[in-house]
Amino acid sequence: MITKLDKEFIRTLARDGKRENGRRFDEFRPLKIELGYAKNAEGSALVTLGETRVLAGVKLSVGTPFADTANEGVLMVNAELGPKASPEFEAGPPSAQAIELARVIDRGIRESKCVDLEALCITPKEKVWIISVDIDPLNDGGNLMDAGGIAAIAALYNTKIPKLDEDGRPMFGTDAGRLKLRKIPVPVTIYKIGSAVVMDPDFEEAEAADARLTVTSVDGFLCAMQKGGTGNFKSDEVVRVVESAYGKAAELRSAIKDALGI
Amino acid sequence: MITKLDKEFIRTLARDGKRENGRRFDEFRPLKIELGYAKNAEGSALVTLGETRVLAGVKLSVGTPFADTANEGVLMVNAELGPKASPEFEAGPPSAQAIELARVIDRGIRESKCVDLEALCITPKEKVWIISVDIDPLNDGGNLMDAGGIAAIAALYNTKIPKLDEDGRPMFGTDAGRLKLRKIPVPVTIYKIGSAVVMDPDFEEAEAADARLTVTSVDGFLCAMQKGGTGNFKSDEVVRVVESAYGKAAELRSAIKDALGI
Amino acid sequence: MITKLDKEFIRTLARDGKRENGRRFDEFRPLKIELGYAKNAEGSALVTLGETRVLAGVKLSVGTPFADTANEGVLMVNAELGPKASPEFEAGPPSAQAIELARVIDRGIRESKCVDLEALCITPKEKVWIISVDIDPLNDGGNLMDAGGIAAIAALYNTKIPKLDEDGRPMFGTDAGRLKLRKIPVPVTIYKIGSAVVMDPDFEEAEAADARLTVTSVDGFLCAMQKGGTGNFKSDEVVRVVESAYGKAAELRSAIKDALGI
Amino acid sequence: MMAEESKKLITGGRRIDGRALDEIRPMAARTGVIARANGSAQFAMGDTVAIAAVHGPREMHPKHMQDPVRAYLKYTYAMAPFATQDRVKPGPSRRSTEISDVSRQAFNSVVFLEEYPKTGIEVYVEVLQANASTRCAGINAASMALADAGIPMADLIASCSAGKVEGQIVLDVAGEEDTEGEVDLPIAYIPRRDEIALLQMDGLITLEEFKKALELAKQGCIKIHETLVDALKEKYRHIELSVSSARSEDKEDV
Amino acid sequence: MMAEESKKLITGGRRIDGRALDEIRPMAARTGVIARANGSAQFAMGDTVAIAAVHGPREMHPKHMQDPVRAYLKYTYAMAPFATQDRVKPGPSRRSTEISDVSRQAFNSVVFLEEYPKTGIEVYVEVLQANASTRCAGINAASMALADAGIPMADLIASCSAGKVEGQIVLDVAGEEDTEGEVDLPIAYIPRRDEIALLQMDGLITLEEFKKALELAKQGCIKIHETLVDALKEKYRHIELSVSSARSEDKEDV
Amino acid sequence: MMAEESKKLITGGRRIDGRALDEIRPMAARTGVIARANGSAQFAMGDTVAIAAVHGPREMHPKHMQDPVRAYLKYTYAMAPFATQDRVKPGPSRRSTEISDVSRQAFNSVVFLEEYPKTGIEVYVEVLQANASTRCAGINAASMALADAGIPMADLIASCSAGKVEGQIVLDVAGEEDTEGEVDLPIAYIPRRDEIALLQMDGLITLEEFKKALELAKQGCIKIHETLVDALKEKYRHIELSVSSARSEDKEDV
């Protein structure tokens, strides 16, 4: 946690249009994506945004589909805010914060329909691929939501589908082809500090914020949103903020595509 | 919790043959049963006993039978004492009190054999109906045991069995016939306050009681009993108390039948 | 827990080559094995080592094998340090101590290959025997590790495999033959008290110890080891200690064989 | 398959349940439904029914969570096991944990928590019947229950969802619109401050559509806010009546 | 099927295991079986065996559960994993939670808890072998263990069950009577006060049959009470012996 | 089957990955990898990678676990869900609980806990990639992280495993050696004191083989110890550089 004084300082700066780190309000820290960082995952990516580092890993397994989507694979996103990443995180079952992180990233991916779940059906009603995306923050330097969302999509992009043995069990390490992504959903979270709105806060800025709005979008469409924090947005402010998040996502998307070599 | 003084007052009144609410010792509060209160349940009933309100809902699903009763459906009763119903109830896994409530109601229903479990077999050894009865107290105004037991049996009486689709899964909202009840088991709990024994206590009376005995009966037979509380009954007192509970149950049963339109 | 003074006393004695109980450093308390102590178990043994009493029970069930050992039965060892056995043990899920106890005993049995798991396959890939060994300490008088390990192996030796009914379910109480043991793995734990090393400590000695090393062995081979405690062993000391544990195990093994009537 | 394709959710500006695009389902709002709570309410919009109880302000447990300068607001959203087609296992789920958390944050901005330092104010919401927009119904019930408990707030929060169904923006999605529709956008709104206290969105929507949906949801909240206020007035009318009749009795005594 | 029908549980006034209708299975009772407990005992009736340990009175954890005027009595009933045909998963179940609770309430009425304010008295019962009436065996073991721990009680509680088998009222149901019988009625009884401290009943029984079964169970408890008392006397006999021999040694010292 | 039999793990004194019998896989060690921890490090041996963070010394929660004379050392070993072939369910397992406990005990003997009474020192180890010897890699990472946090220790602990593969004693088992090999013997060693702080062993091994394996593992630990020291020197070199450059700046200021 940061002190009341630090919080005040950040808010005063923000009122004057400034950030302690010298960045513009809508300026992200340098983004770095390392694909294949975790070799036992079918896909993985380490995303660095300044001091923030988030590792995402994708594991595949074979299981039964849900009854109401009997011809589709299953996608699950999980996040743990393990105490290694921050002195604030506690051991134990996922906190509300970790659950929100996972669910917001999950919805961004799911609603964008970027993964063709029908292509992950092996035998209708019986066998489908289960995709588990695990978000593992290594250091919480602020803005885990965006870093985690980018790590998840990069890890999915990096995913190789294993071949199946004669009993229909995956042979890990083999490669029967890449998981195909139809779109690149990108989350951008806007933080409200006093009356200012900033992007990609570092840890102290995130702590000083009153509210945040995560907007995940693909080309042409918003696909998921989530407001958080005990402060609020005016209703016209929401519209402005969503527009700027959508614009920034387009910018980030081309950086991500460069990093992925698309 | 009530104060020691309130407790003393209730006990003194009871010694003099009186109740603060003016009722006779064996007098129940007005009983009201609203069937079908929860529309997404296959059966439901809201039971009102004075300030006490208990909602019971029945959900059906298809599952595998237990190995030792391969030709029978499965009946399960569950109760949660969620904090909404009383400032005394705590969040978290079911307390001993909630477990006892569920199990005593469960035994009353099960031992009476009022539900024909064999009629709930779909395919022997493979597929049977699973009946889940959930007891959900909305307000704990005393005597949850009897209100809950009546709500459970009324909800079962209200239950429609859904049709099955071609994959053998229930089509919720459809109606393939009523769940048939062969009997109406009714629990009556006797509370011992000092040397007095009262029925249907309100919250304060229940708190002031030393012991209680729940007697569930059907026409001609007792079917389940449970003593609770840290006080005791003399052995001849038990016999008298059981007799009066059995008598009162017959009285309540005709009121219930009226309410159910039987 | 024992007092600091008691601890000091035990350590001082040990420095002088003595034990309060008068035993030699490498002297076990009298060992007693009662087979078949728990009649509803397929196999059981109550082991007494002085005041220490440990009951082990074996239950068999039919289940599916692990995918990577599709032709083998499954062996599981579990231990609970229930509060009955000691004022120090707490209620709740297994403590780290209980988990270690179970896992060390498990490895001793598993690595010795004394149980022929392939003989426990009923139908490859589909049905195998699941052997659950439960370690249930009745009184913690020190050295639960060795007493528990001996109880486990004696209980396995005592195990009758039930016949299967026409549905392939075990008919408990019937006898289709004994579980065969190919070897008798015996754990011996060496405790380091100051610079002394003692075997089979009573409760106070175990509390006063800095470190321990459990060495499980069969004829000719070590099969599992585990160091515990916040103190350490010098590296040459480890070698000496392992040798003496191996020697003592041979001695105990013949006592155990006598008790089992082999 | 063909049958499904031919089934239209919107025909001639009317929805499958007969509503206009900007029409909320019939509402029912009532306070004082749980006698042993400090405050309580039940709120229904169509077949979605939620009940809320408020305990406190009371001593906060565990003690280390006491805040010396304000009350701690706890908000628990839960489903009755029989509220949906498939039975809901009791106990918190990931979904309910998230909804509880965003709802708690929404109320944090209106409840005057500083008035009750060191205490806990506990809001328990249970969905008795679910047909879409359950978090909205829960917030509306909780709003009334907090008012019923006499806990001071800057305003009543009202909550409503908009959605996109067959390409059209509609208010208060329900039934097949929920399962077949393209977008769900639940918000919570504070009319007096024109503030959005909760906002979640799922599904593909353009910026222009979003603006339209947000505005529609806001208008829905304003209507719901009126309903909540009316229900609370009803309560106070009863109290007033009792007070006046008490006065009459006083007179008779004289 | 035919075989089952022809199998009679009662023939000529004798039960399948040879007992008379009002006969308890052979009992074995022993104290001091767990050296590191303050008090302990093992009680068997036929193939049902329970062991009990008592820790305390000792400081109560967690502190907020301390009662300033009396000890808190904790009672935990558990099954050993290998006590039944199907392995019992360790940890509390709904069944064991209920049995623990009704047993705790029973002992609350006889233990002089006021003698040890702020402390906890913890009773741990484990069923090592189950063949019906396990809660009864547990209570009998716990009774002795509490006495063995020197904790003052108004009386020893004794527990026994009656049942209805092929229409006849029998004492101490066991084996196939348990699975095939019609009624199970476990009670706990305090002879000195003629009080019923625990009573549960399952199965269809008439009022008249119930009266008969209750009376039979009560008589069973009285017999068991004698067994418990004898087992405790045995213990004190040992202590007396040790004391006298200690005295002899004293003399020798002189 | 035949293929398996013909596959040799050791041929001509060389292992399947080309290493000599007494050769450790390539190592990579780095400190300061988690900015918000007091100390942190990452350690890799071949494809086994572990990361460690140290928080504290800081106030110990819960309070009743505070030790008035020394710090409480907490050690948590965990696997990333994607660290192995089959996904690892998050949360502690029996395996991870045991490894955490024996690792904690090992560090207890070197950390000067008396310097920080009443506090907690928390070590969190996560295996990012598992290819055998994960507890060893974890201990090596933790050793560096503790040093990086400036927590005084008698020595750095180094950890390595030996094994028996096709009857031969080898150092740092990996890959198919782990699944097909006969014995795994992980140890943790404190070179300055010649003490074994952790020792576990699985598999059939003779006394003579054990002596040889223990000696080999010890030699492995000594080599790893050098790597850890070098990585820490690297860190201090950076600090020194910063300090000298800071001094230069100071000068310039003058």
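No hydrogens, no waters, no symmetry mates; every other heavy atom, side chains included, goes into these values. Within every chain, numbering begins at 1; the chains are lettered A, B, ... in the order of the sequence lines, protein sequences first and strands thereafter.
- When the candidates B:Q97, B:E100, B:R103 are compared by the number of heavy-atom contacts under 4.5 Å with chain E, B:R103 comes out ahead.
- The choice from E:L207, E:V102, E:D101 that makes the most heavy-atom pairs within less than 4.5 Å of chain B is E:L207.
- Proximity to chain E is absent for every atom of B:V215, based on heavy atoms less than 4.5 angstrom apart.
- Judged purely by distance below 3.5 Å, without hydrogens or angles, the side chains of E:E126 and E:Y124 never pair a donor atom with an acceptor atom.
- Results of the side chain to side chain contact (heavy atoms under 4.5 Å, CB included) test with B:L75 over B:I109, B:L120, B:I130 single out B:I109 as the only residue that passes.
- Most heavy-atom pairs under 4.5 Å with chain B, from the set E:Q200, E:R193, E:K211, E:R104: that is E:Q200.
- Between the E:D184 side chain and the E:G163 main chain, no donor and acceptor come within less than 3.5 Å of each other.
- B:F233 carries B:K192 over the face of its six-membered ring, with the cationic atom under 6.0 Å from the centre and within 45° of the normal.
- Residue contact with chain B, scored on non-hydrogen atoms closer than 4.5 Å, involves the backbone and the side chain of E:I196 alike.
- Both the backbone and the side chain of E:D202 come within contact range of chain B, with heavy atoms under 4.5 Å apart.
- For the pair B:K248 and B:E251, the salt-bridge criterion is met [side-chain N within less than 4.0 Å of a carboxylate O].
- Side-chain atoms of B:N143 and B:R212 include no donor-acceptor pair closer than 3.5 Å.
- Proximity to chain E is absent for every atom of B:E237, based on heavy atoms less than 4.5 angstrom apart.
- Considering only heavy-atom pairs separated by less than 4.5 Å from chain E, the leading option among B:S95, B:A102, B:A96 is B:A96.
- Between the E:T48 side chain and the E:A132 main chain, a donor and an acceptor come within less than 3.5 Å of each other.
- Only the side chain of E:I190 comes within less than 4.5 Å of a heavy atom of chain B; its backbone N, CA, C and O stay farther away.
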